[in-house]
Each structure stands twice: as structure tokens, then as C-alpha cells.
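Heads up, the thing below is written out as C-alpha cells.
Start at 1 with the first residue, then count along the sequence. Every number for a ligand or one of its atoms is a count from 1 in the order of the listing.
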Amino acid sequence: MDYGEITAELALRLSPKRLQHSLGVSKSAESLAEQFGSNREKAKLAGLLHDLAREVPMNELLPRAQAFGIVVNDVEQAQPILLHAFLAAKMAEEEFGVHDAEILQAIMMHTTGGSDMTLLDKIVYIADVIEPQRTFKGVDEIRKIAKVDLDKAMLVALDQSIYHIMKNGGLLHPATIAARNAILLKKTIK
Ligand SMILES: [Fe+2]
Ligand SMILES: [Fe+2]
């Protein structure tokens with residue numbers, strides 16, 4: 001499937017707003033890839049597909065993830081919405097014929113982050129945060145930082161996400177803590 005065909009298929013699965021978000025992430029990921037020397041085509045495709053499973057009904061997320069053999073931890077069990085990222089990676093492979101491991105991993109990591117994020121993983125994570133339709137408080141600051149330092153942008157975005165979850169009394173996913181620690185450790189070792 002080419003980009004246009006995937007977009008048409010996504011239009012059947014996502015609300016117009018989510019489709020626009022996906023196209024925005026795709027575009028932002030492409031320009032971040034150009035800026036930081038990653039593969040533009042991979043970034044574009046991972047961005048387009050990242051929320052493929054975002055509108056799978058809530059009660060189907062867990063059984064569908066389990067049917068794919070995804071190992072579900074306690075936090076995901078309690079908040080199945082987190083599984084949309086894992087499920088999207090599996091669906092991208094099975095239903096859209098995407099077999100590139102880097103693209104699939106970037107899709108998989110877009111919500112929680114992870115300890116060993118590649119450049120592409122970070123690009124898709126940040127593109128999801130800063131795509132043009134995002135309007136949350138602090139987004140312009142992250143957009144500005146992302147123009148110069150992707151790791152710094154990740155750190156600020158992860159901090160914001162963690163603050164937000166804590167403020168709402170939510171569960172923190174271990175991969176989000178791991179992602180933040182990995183960036184801080186990398187800075188310390190440098
Ligand atoms: Fe998502
Ligand atoms: Fe998204």
C-alpha cells in the first residue's frame with residue numbers, strides 16, 4: 001500500500017479529527033527526520049500509522065492485544081488505552097504489510113516511550129506531541145526545543161506527561177520512567 005492508499009484506509013478507521021492528527025504527526029515526523037538525519041520515509045509512515053488502533057473500542061483492546069500474543073502488564077491491564085500503541089504495531093504489520101522493524105518499534109513506543117529509544121522512536125514520540133493541531137499548555141516550548149535538541153524535547157515532554165498523570169492520580173507506566181531515566185543517564189555519562 002502506498003501513502004495515499006494507507007490514508008484512505010485510515011479514513012475508514014479513524015474520525016476525521018484523528019486522521020488529521022495522524023497526517024500532522026506524519027508531516028512533523030518527516031521534518032524532524034530531515035532535521036536530525038533519520039530516514040524520512042520511515043518517519044512519515046510510522047507517523048501516519050501510529051494511532052491506527054486508537055479508535056478500537058475500549059473493551060476490544062485487551063482481547064485483541066492478547067490474541068496477538070502481546071504480554072500485558074498490570075498498568076496496561078488497568079488502562080487498556082495504552083495498548084493502542086502495541087496493537088497498532090501488530091496491525092500495521094498484519095493488515096498494512098509493514099515489516100520494517102524500526103517503523104513497527106516506533107509505532108509501539110509512541111505512547112509510553114521506552115528505555116532504548118532509537119532516533120526514529122524519539123522522532124515519532126515528539127511528532128505526536130508537537131504536531132500542528134496540538135494546543136496544550138507548553139507545546140510551543142517543546143516545539144522550540146525540538147528544533148535544536150531532540151533528547152531535551154523528549155525530557156520535557158516526558159516530564160510533562162508524568163506531571164500530568166501524577167496530578168490526576170494516574171498510574172505511571174514503567175516504560176515512561178525508563179525512557180526518562182535513559183535520557184538523563186545518557187547525559188550524565190556524556
Ligand atoms: Fe496514540
Ligand atoms: Fe497520536
key: Cut-off under 2.8 Å, centre the Fe ion (ligand 2), protein N/O/S atoms   =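 Within the sphere that stays under 2.8 Å of the Fe ion (ligand 2), the protein atoms of type N, O or S are His21 NE2, His50 NE2, Asp51 OD2, Asp128 OD1.
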request  = Please test Glu9 against Arg13 for salt bridge (Lys or Arg N to Asp or Glu O under 4.0 Å), starting from the C-alpha separation and ending with a verdict.
outcome  = CA-CA 7 Å; Glu9 179 58 34; Arg13 301 177 184 226; 3.0 Å; yes
task = Could you tell me whether Met1 atom CE has more than 12 heavy atoms of other residues or ligands within 6.0 Å of it?
result =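 Correct, the count exceeds 12.
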ask   = Do the side chain of Glu55 and the main chain of Ser15 share a donor and acceptor less than 3.5 angstrom apart?
value =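 The answer is yes, because a donor-acceptor pair under 3.5 Å joins these two groups.
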ask   = Can you tell me if Glu76 uses its side chain to pair, donor with acceptor, with the backbone of Asn73 under 3.5 Å?
value =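 Confirmed, Glu76 side chain pairs with Asn73 backbone.
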query = Can you name the residues that form a salt bridge (charged side-chain N to carboxylate O under 4.0 Å, His left out) with Arg54, not counting sequence neighbours?
reply =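 By the salt bridge (charged side-chain N to carboxylate O under 4.0 Å, His left out) rule, Arg54 matches no residue at all.
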ask   = Taking NZ, NE, NH1 and NH2 as the nitrogens, is one of them in Lys186 or Asp151 under 4.0 Å from a carboxylate oxygen of the other?
value =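 Asp151 and Lys186: salt-bridged.
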